[in-house]
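For reference, positions follow the sequence shown, starting with 1. Values below: every heavy atom of this structure, side chains too, minus hydrogens, waters and symmetry copies.
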Amino acid sequence: MNKTFKKILLGTGFSALSLVALNTASWSMNHGGMMGRDPARMLAHMTERLDLTPEQHEEVAGLLASAQEATGADRERLTQLRRELRDQLADFDEARARELADEVGQITATMVFEATSTQARVQAVLRPEQREEMRRMMDKRMERRGKWHGAGDAGGH
């Protein structure tokens, strides 16, 4: 196999893997955990399922709104990075692709930390029995997510 063809093949493979990783990170940040796209819907669900008091409702609403605001620029940047990586498929530049992938990793790490931090703050607002119900809800969600992604018996995410 000639060197040019190998480079093209490797470049295309790297770009495809980068896109898969970026889409997974983006999907998980947009649809999973405490960082969903619709904090109002999440809050309504929590209020109903956990029987939040009006005070708890207000405090959790503030935490979710704050987290949404804190990650807004990161979500927008991930969208830009996803476009740039997709554009790499037509004209692959390995150095630029690595730079973009590194930035995706840094932003994803920041967003995962923010989600975990927000979850911890929400848990602190809840009574012990509410925390237990929240844990059960999250366990069920992760179980369903594993089935959706075919990871039920393959080790999961």
Side-chain angles (χ1 to χ4, degrees), residues 1-46 49 59-126 131 134-157:
M1 203 181 299
N2 72 36
K3 288 184 179 187
T4 303
F5 184 70
K6 279 184 178 178
K7 283 184 178 181
I8 291 170
L9 190 59
L10 285 172
T12 302
F14 180 79
S15 291
L17 287 173
S18 295
L19 286 173
V20 169
L22 180 59
N23 282 331
T24 300
S26 178
W27 190 92
S28 68
M29 290 298 103
N30 288 332
H31 298 287
M34 301 298 287
M35 302 308 296
R37 285 185 187 235
D38 190 357
R41 182 174 154 216
M42 184 185 320
L43 180 61
H45 184 69
M46 288 176 64
R49 290 288 307 269
E59 194 165 349
V60 171
L63 292 170
L64 295 177
S66 179
Q68 191 79 1
E69 185 179 319
T71 59
D74 286 338
R75 286 190 313 275
E76 288 176 21
R77 181 63 181 146
L78 278 176
T79 299
Q80 292 171 344
L81 291 167
R82 183 173 44 230
R83 282 189 202 114
E84 285 188 57
L85 281 167
R86 184 183 62 229
D87 292 345
Q88 287 285 317
L89 294 176
D91 187 22
F92 186 71
D93 175 348
E94 184 175 346
R96 180 67 179 145
R98 285 185 189 279
E99 185 179 298
L100 295 171
D102 286 345
E103 188 175 350
V104 166
Q106 291 168 356
I107 291 171
T108 301
T110 299
M111 292 178 73
V112 167
F113 172 80
E114 183 66 37
T116 303
S117 175
T118 300
Q119 288 175 355
R121 285 187 243 136
V122 167
Q123 291 282 328
V125 172
L126 303 176
R131 282 194 292 275
M134 180 82 155
R135 186 193 58 75
R136 282 193 294 272
M137 288 168 44
M138 292 173 80
D139 287 348
K140 281 184 182 178
R141 182 180 191 151
M142 292 304 292
E143 183 180 313
R144 284 192 312 269
R145 180 179 284 171
K147 288 179 185 174
W148 292 340
H149 294 290
D153 47 89
H157 294 303

To the nearest 0.5 angstrom, please state how far the [atom1] atom of [X] sits from the [atom2] atom of [Y].
{"X": "Gln119", "Y": "Glu114", "atom1": "CD", "atom2": "CD", "answer": "11.0 Å"}
{"X": "Glu76", "Y": "Ile107", "atom1": "CD", "atom2": "CD1", "answer": "11.0 Å"}
{"X": "Leu85", "Y": "Phe92", "atom1": "CG", "atom2": "CZ", "answer": "9.0 Å"}
{"X": "Glu103", "Y": "Leu81", "atom1": "CD", "atom2": "CG", "answer": "4.5 Å"}
{"X": "Gln68", "Y": "Thr118", "atom1": "CD", "atom2": "OG1", "answer": "10.0 Å"}
{"X": "Asp93", "Y": "Asp87", "atom1": "CG", "atom2": "CG", "answer": "12.5 Å"}

Residues two or more places apart in sequence or in another chain: which of them pass side-chain hydrogen bond (donor to acceptor under 3.5 Å, both in side chains) with Ser66?
->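 With sequence neighbours excluded, Ser66 shows a side-chain hydrogen bond (donor to acceptor under 3.5 Å, both in side chains) to no residue whatsoever.
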Sequence-distant partners of Glu84, side-chain hydrogen bond (donor to acceptor under 3.5 Å, both in side chains), two or more places apart | Arg96
So which heavy atom on Leu43 is nearest to which on Ala61, and how close?
->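 For Leu43 versus Ala61, the nearest heavy atoms are CD2-CB, 3.4 Å.
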By salt bridge (Lys or Arg N to Asp or Glu O under 4.0 Å) - contacts of Asp139 (at least two apart) = Arg135
For the pair Met46 and Val122, evaluate side chain to side chain contact (heavy atoms under 4.5 Å, CB included) and give the outcome as yes or no after the intermediate values.
-> CA-CA 11 Å; Met46 288 176 64; Val122 167; 3.5 Å; yes
Would you check, one step at a time, whether the test side chain to side chain donor-acceptor pair (under 3.5 Å) holds for Arg77 with Gln80?
-> CA-CA 5 Å; Arg77 181 63 181 146; Gln80 292 171 344; 3.1 Å; yes
Between Arg121 and Ser117, does a side chain to side chain donor-acceptor pair (under 3.5 Å) hold up when you go through it step by step?
-> CA-CA 6 Å; Arg121 285 187 243 136; Ser117 175; 2.5 Å; yes
